[in-house]
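Following: one structure in structure tokens, then a few remarks.
Each chain gets a letter, A, B and so on, in the order the sequences are listed, and its residues count up from 1. The analysis underlying the following values was restricted to heavy atoms, covering all of them including side chains, and did not include hydrogens, waters or symmetry mates. Not measured: the values here are computed from a predicted model.
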Protein chains: 2
Amino acid sequence: MDTFITNRIRKLRFEANEMTQHALAERVGVTRQTIIAIEAARYAPSLELAFRIARAFAKPLEDVFQYRADA
Amino acid sequence: MDTFITNRIRKLRFEANEMTQHALAERVGVTRQTIIAIEAARYAPSLELAFRIARAFAKPLEDVFQYRADA
DNA sequence: ACATTATGTCAACTATACACGACATCACGG
DNA sequence: CCGTGATGTCGTGTATAGTTGACATAATGT
């Protein structure tokens, strides 16, 4: 169960000139705690937020978030 | 403002041998009402469900769901 | 005329994404 | 030694995704 969504946000933040969680949060319009929770995969973002995060990194969505289907 | 996610589910259902809403719902593990609401864009699916729907059509996620960013 | 299938609506509920404030830790620079 | 920035936790509250059951309607078939 857990969550079936993984992500590469932390990696992409460091590749993107070491963008901080706070900076990313501001860019995509959520709070710092939300970015922390998503990075830690405590929960998956909404589809809309996933799109905004992917766009913040100028990457296709499936490059940032992966779905592992062992349902 | 409404929702910023649009989708091509209805079109893809008919292209996929006229798959019914009920059949799609079963394939992705949600109820029929959920598919109706998403098709009608009354709300956006979760990221996880979006991945499952895209996979049901064997399409990349961004082929099924679009984000329009006039926030 | 009746049954069935596909689509849609409504209301009440549960689960979860996200906000907000407070507080803790660690690294770094002055 | 102290301040600040970056990361993380906890608790509580709100918004929204998704469920369930009931009911409506149009289209098709027998």
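Between the CD1 atom of B/Ile35 and the P atom of D/dT20 there is a distance of 14 Å, rounded to whole Å. If you measure from atom CG of A/Leu47 to atom P of D/dA17, you get 10 Å, rounded to the nearest angstrom. Counting to the nearest Å, the C1' atom of D/dA17 and the OH atom of B/Tyr43 are 6 Å from each other. Separating the CG atom of A/Leu49 from the P atom of D/dT16 is a distance of 14 Å, rounded to the nearest angstrom. Spacing between atom CZ of A/Phe4 and atom P of C/dA17 amounts to 12 Å, rounded to whole angstrom units. The interatomic distance linking B/Ile36 (CD1) with C/dA11 (P) rounds to 16 Å, in whole Å. Atom pair A/Glu48:CD and D/dT16:P shows a separation of 10 Å (rounding to whole Å applied). B/Ile9 has its CD1 atom 15 Å from the C1' atom of C/dT7, to the nearest Å.
Within residues 55-66 of chain B, no residue has any heavy atom closer than 4.0 Å to DNA chain C. Listed in residue order, the members of residues 12-31 of chain A having a heavy atom less than 4.0 Å from DNA chain C are A/Gly29, A/Val30, A/Thr31.
What you find for B/Ala23 and B/Thr20 is that their closest heavy atoms are N-OG1, 3.0 Å. Residue B/Gly29 comes nearest to B/Arg52 through the heavy atom pair O-NH2, 4.4 Å, listed as atom of the first residue, atom of the second, then distance. B/Asn7 and B/Ile38 get closest at one heavy-atom pair: ND2-O, 2.9 Å.
Note on B/Arg42: every side-chain N or O is 4.0 Å or more away from OP1 and OP2 of D/dA17.
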TODO: Please assess A/Leu47 against B/Leu61 for the test side chain to side chain contact (heavy atoms under 4.5 Å, CB included), listing each intermediate value before the final yes or no.
DONE: CA-CA 10 Å; A/Leu47 180 55; B/Leu61 196 148; 4.0 Å; yes
TODO: List the steps, then state whether side chain to side chain contact (heavy atoms under 4.5 Å, CB included) holds for B/Asp63 with B/Phe57.
DONE: CA-CA 10 Å; B/Asp63 236 65; B/Phe57 291 121; over 6 Å; no
Task: Residue pair A/Phe65, A/Thr6: steps toward the side chain to side chain contact (heavy atoms under 4.5 Å, CB included) verdict - done: CA-CA 6 Å; A/Phe65 299 97; A/Thr6 60; over 6 Å; no
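Interatomic distance, CZ of B/Arg55 versus CD1 of B/Ile53, reported as 12.0 Å (0.5 Å rounding). Here the straight-line distance linking atom CZ of A/Arg68 with atom CD1 of A/Ile5 works out to 9.0 Å at 0.5 Å rounding. A distance of 8.0 Å separates CZ of B/Arg32 from NE2 of B/His22, quoted to the nearest 0.5 Å.
The number of heavy atoms from other shown groups lying within 6.0 Å of CZ (B/Arg8) is above 12.
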Give me the distances for all protein-to-nucleotides 21-27 of chain C N/O pairs that come in under 3.5 Å?
residue	atom	partner	partner atom	Å
C/dG21	N7	A/Gln33	NE2	3.4
C/dG21	O6	A/Gln33	NE2	3.0

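Counting non-hydrogen atoms under 4.0 angstrom, B/Ser46 reaches the backbone sugars and phosphates but no base.
The side chain of B/Thr34 has D/dT19 as its nearest neighbour among D/dT19, D/dG8, C/dC18.
A/Thr34 pairs by the side chain to side chain donor-acceptor pair (under 3.5 Å) definition with A/Thr31, not counting sequence neighbours.
Remark on the helix from C/dA1-D/dT30 to C/dG30-D/dC1: inter-end axis angle 30°, axes from five-pair C1' superpositions, rounded to 10°.
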Which donor-acceptor pairs under 3.5 Å do side chains of residues 9-18 of chain A form with protein atoms, sequence neighbours excluded?
residue	atom	partner	partner atom	Å
A/Arg10	NE	A/Glu39	OE1	3.1
A/Arg10	NH2	A/Glu39	OE1	3.0
A/Arg13	NE	A/Glu39	OE2	2.5
A/Arg13	NH1	A/Met19	O	2.9
A/Arg13	NH2	A/Glu39	OE1	3.4
A/Arg13	NH2	A/Glu39	OE2	3.0

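Cluster annotation: A/Val28 and A/Ile36 are assigned to distinct hydrophobic clusters (Ile/Leu/Val/Met/Phe/Trp/Tyr, side-chain heavy-atom contacts under 4.5 Å, transitive).
Side-chain contact between B/Tyr67 and B/Glu62 is absent, with no heavy atoms from C-beta onward closer than 4.5 Å.
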